[in-house]
Structure formats: C-alpha cells, structure tokens
2 protein chains.
Amino acid sequence: MGETGGPATIKAFEERLLEVSEDLPKRLRQCADYVAANKDRIAVSTVAEMAEGAGVQPSAFMRFCQILGFSGFSEMQRLFRDSYVGGWPDYSTRLHHLREKAEGSPSALLAEFVEAGRASLENLLKTIEPQTIEQAVQALAGAHMIHIIGLRRSFPVASYMAYAFEKMDVPAMLHSAVGRLDNRNAIRSGDVLLAITFSPYSSETIELVESVRERGIPVVALTDTIVSPLRKFDAIALSVSEVDFGAFRSLSATLCLAIALSVAVGTRRSG
Amino acid sequence: MGETGGPATIKAFEERLLEVSEDLPKRLRQCADYVAANKDRIAVSTVAEMAEGAGVQPSAFMRFCQILGFSGFSEMQRLFRDSYVGGWPDYSTRLHHLREKAEGSPSALLAEFVEAGRASLENLLKTIEPQTIEQAVQALAGAHMIHIIGLRRSFPVASYMAYAFEKMDVPAMLHSAVGRLDNRNAIRSGDVLLAITFSPYSSETIELVESVRERGIPVVALTDTIVSPLRKFDAIALSVSEVDFGAFRSLSATLCLAIALSVAVGTRRSG
DNA sequence: TCAATAATAGACTATAAATTCCATTTTTTC
DNA sequence: GAAAAAATGGAATTTATAGTCTATTATTGA
C-alpha cells in the first residue's frame, strides 16, 4: 500500500470534497452529501455502513473514495482514524459546560434553546393523542384543496407545510396576507382549512376560521393550550405546548408535528 | 452474535475495568493500563494495534476483552463506536424504510420525527463551534441592516428570523422574492447578508450571495455540511446537519440555531 | 528442586470486510 | 433516434482481521 496522492489532512480532504462535488453523477453526489454531513462516521464505519447511509451500493462508495484521490476506502478511513479525537463528553456534560461558560454568550444561549427544544419534543409525544392526529390526517387527506393560514410567529410553520404539500403533489394554498389581499373566497366546499396560531392569536386567523366554519367547512387547527380561541369553533385541534426561553420559542416541537402531519397526509393520499 | 453480558455503557465499562484490574497477571494488567489511558483509541483500532500499544500479544488482549465480559474484541469495540456516533442510528435509512412500507400510523411517523429531531439537536451541540457563532453574532450585531434570504425549504427559517429581529427592534429585511421582485440594490455598504440555504441549494440565494460578496459585503450563512456551495464565497458559515426524510426535515436543529443566533444578536445590540 | 497450575506467545482458522470486475442500465452526443 | 460513453448494481474475489487452539514458559507452593 504505497502512498497514493490522496488528501493528507482533514482540511485538504474538505477542500477536495468541495472541489469535486461540483458536478458528480447522482450516486456519487449522494456519497458526497452523506460524507459531508457525517464526516465523523468515517472513522468508525465500514464501507457497507457508509454506503447504506448514503443510499448507494458499496462499489459506488468505493469509486467515490477513489475520485477523492484515495486508493480506496481503507486509505480514506486511515486519515480519519489517525486524526480521530474521541472521548467527547456526552450530551449532558457538554450541555452543562456550555451553559456555565460565559453566561450570555451565543453558545450558552444555544445550549438553552437546544435544551428547551428537547424538552418540547419530549412533551409533544406525551401530549398528542393518536386519534386526534388520525382525524386530522383523514380530514386533510380527503380535502380537494388544503388552505393554510398562519401569520406572524406561526408563519414559518405555515410556509413549511405549504412547501411540503407542494413537494408531495398535494393541492394546497398558503394564505399569506401579502398585500393585505384576502383570499377567503378561494375556500370552497370540499376544501379544508388548516389554521396555525399561537398566543397571542392573530385576529386575522381567528376571523378566517370563524367565517369558514359558518359555511360548514372543516378546520384542522395547530395551536397551543386548550384555551386557544380556536377551540370554540369546533375544529380538529392539535395542541402543542412549546417550552420557551425568554420571549422566544424554538418551534422545534411545532415543526415536528407539522412535518409529520404533512408527510402522513402526503402518503395517505398517494397510498 | 447473541447478547453477551458485557458492559452496556461506557460508564459500566469503566466500573468493570476498575473492579477487575485489582489483581491481574502481568500482561493483562498491561492491557488494563493501556486501555484505561487510551479508551478513545478502542473505537478506531484493531486488536493488533491495541495489543502492540499495550506491549502484549493480540491473543492476550483478546483474553483481556473476555475477562471484561465481552465475547471478544469486536463486541467491546462496538460499544465504543456506537457511543461515539451517539444516538444517531442511521435515521436516513430508518425513515426510508418507514416510507417504503407506507406503513406507519401518523403517530408512529410523529415518533420518528421527534426522535430524529432529538438526535439532530444533540448533534448540533456537538458540531457547532462557539467561535464561529461568536463571529456571526459580531458581524450581524454590527450591521446597519440585516438582509435575510432563504427560499423554498429554508424560507420558514428566514421568515422566523425576520420575525424575531423585528420583535427585538433589529433592522432587518426579508428578501422573499415575492412577485420575482429583486431587491438586491437595497443591500448597501455597512449591511450584512444572512443567507440560509440547504441542499438542494436555490440558485437565487447562491447568486445573491455571489453578487453581494463581489461588493465586499459580509455574508453570514446558515447551511448544511461543508460541501455547500456557499463555502466558496468566504462567508461565515454555520453548518447544521439535520436528519432528513426524503425531501423533508424537521428543522428542529436549524431553527434552534436560528433563534439562538437571533436572540444573541438582539441582546448584543441593545446591551 | 520438583510438581502442579496458570499465563503467555505464536501459529492457525474462520469470518467479515474491502476491493475488483463485468453485465446492465442510464445518460449524452451526434 | 441510434451509437457511444458513462454510471451503476451486484456478485466474485481478495485481503485483513478477529478469534481459537496448543505447545511452551513462567509462577507458586511444598
């Protein structure tokens, strides 16, 4: 195994990866993406594992290693094994460390939000009732068109769901109130409204829900707490309580629920 | 490969090591001493290497592993490898399988996303470098105006940051490409561009970054992995790797970083 | 010192992993 | 739209590595 001209340092490796990954055929690009996102795995995985992770055949992964300039996987792995600095402290130690260190520093802040996010996620699983999601999925999957509304702090959630539905060929429309245009007449019988709102609840959203319910159109709501004003309108309500830190919340749990709901609806429709 | 009763955690391993190493014959004691001092090497070494390090024969090292309660070296190594890649057991493939089977009630799907979100958050803490966030905060806090761009899947993140900045009275402008309006001339000297993009990278974002960098305006980037095209443009890049489900990710980690960054900038400015 | 016991080294075998090769499919080019 | 080139998947092959077995050496106690 003589020296082949592969990258000799992690830095050189990264540069080479960047340089090479410009135009790469499909499978090899998958390798590049997976490797970029999981560099740390190289040292402790087999080709087969890496290949599976990247969603390709082991032979494809081998070719990828060679394109990078190595003689094969083993040589590439050696680079990572040699520069491996293991013994990272575990999550809770790191968290503690970050929190203590320079209170108010950006990374201490990050640690707080990460912790809040984790707590929220845990809580989400505990509080969500399977049958309620099931109802929501059923309603949304049967809709001609899904109308999504969510303003201010809920707008990110609304826009992400709109994106997800679009990707899965589910007919959906985002009511974004751009230019104060009101599209409520686009909501027709057979459609469903998906309303997302958190305290303080936007009046626009509440109003839309109210007017739509009067016309007998089903509403699925993503909201917080059980006292949400949306409860009055007999909607299928999924409530998420997000742990907040300061005035802001990380939205981790909300988005998790949102994306799970979207994917469930998407697969239900095509299935 | 049946379950052998070896230590199941690093902690248990350490206890067992301590307990055992009281009275051990010469060679086995060498093993114990070497392992105690080089626990991190176990994950990336072969028996032969470990044995050489300890100054014993491979077979002696094997016996040592068995005394610790493992079936052999491989089993002991697995403990260290698994704990290194930390609760991130091949989510991409797990979720992939889940989708293929289209099996999975909505709540099972939710559980998967929650689990993926949790792992992503842990990983975020592990990979983010405090000094890079610090740089980003500094750049953003010193800007006259923060211009935010993030399209498609990144749009939720962009819009949430715009919302957060607004709430904290930080001058910020969201470039949303509504109506294909191009606002690039609004970006002036003294401003900073905050670009958010994830694979597949929107060409609009890349182009904007490129044109802005040519004018010498600083760019802070929120992106995934090191192969992101934004790397080329010498931006302050914060990379988050998030587990995805086909085209979707729960964005938990990304939003956590985004909100932490926003709040840090907000307090830095008013402080 | 001698027997009995335990420990060790080194060779041997089984196994798992890396790597290569080629038929098949996909993409490009004319 | 056909021919050429490139990319891919999967099986076959080779190599490296873990794990086992046994003869030899050290250690202990009488």
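It should be emphasised that the depicted structure is a prediction, and the values quoted were computed from it without experimental measurement. Numbered from 1 within each chain, the chains take letters A, B, ... in sequence-line order.
A salt bridge does not link B/Arg118 to A/Glu122: none of the charged nitrogens lies less than 4.0 Å from a carboxylate oxygen.
At whole-Å resolution of the value, CG in B/Leu68 and C1' in D/dG19 are 17 Å apart. Remark: C1' of C/dA18 and CD of A/Glu75 are 13 Å apart, rounded to the nearest angstrom. To the nearest angstrom, C1' of D/dT17 lies 14 Å from CZ of B/Arg78. C/dA7 atom C1' lies 10 Å from atom CD1 of B/Ile67, rounded to whole Å. Going from atom CD of A/Gln66 over to atom P of D/dT8 covers 14 Å, rounded to whole Å.
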Next item on the list: Could you check B/Gln66 against B/Ser71 for side-chain contact (heavy atoms from CB on, under 4.5 Å), going step by step and ending with a plain yes or no?
Entry: CA-CA 6 Å; B/Gln66 285 160 0; B/Ser71 69; over 6 Å; no
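Ring geometry, A/Tyr163 versus A/Tyr160: the interplanar angle falls under 30°, so the pair is classed parallel (tilted spans 30 to 60°). Using a 30° and 60° split on the angle between ring planes, A/Phe70 and A/Phe13 fall in the tilted class, from 30° to 60°.
In summary, the aromatic rings of A/Tyr84 and B/Tyr84 are positioned with their centroids under 6.0 Å apart.
OP1 or OP2 of C/dT19 has at least one side-chain nitrogen or oxygen of A/Ser74 nearer than 4.0 Å. Contact check, B/Arg63 against C/dT8: a side-chain N or O comes under 4.0 Å of OP1 or OP2. In terms of phosphate contacts, A/Gln77 brings no side-chain nitrogen or oxygen within less than 4.0 Å of OP1 or OP2 of C/dA17.
Residues from residues 16-31 of chain B lying near DNA chain D, meaning a heavy-atom separation below 4.0 Å, are absent. If you check residues 50-62 of chain B against DNA chain C, the residues with a heavy atom closer than 4.0 Å are B/Gln57, B/Ser59, listed by number.
In this structure B/Arg213 satisfies the salt bridge (charged side-chain N to carboxylate O under 4.0 Å, His left out) test together with B/Asp234, sequence neighbours excluded.
Closest approach of A/Ile148 and A/Ala172 over heavy atoms only: CD1-CB, 4.2 Å. B/Pro58 approaches B/Val47 most closely through the heavy-atom pair O-CG1, 4.5 Å.
For the pair B/Val157 and B/Leu222, the minimum side-chain heavy-atom distance is below 4.5 Å.
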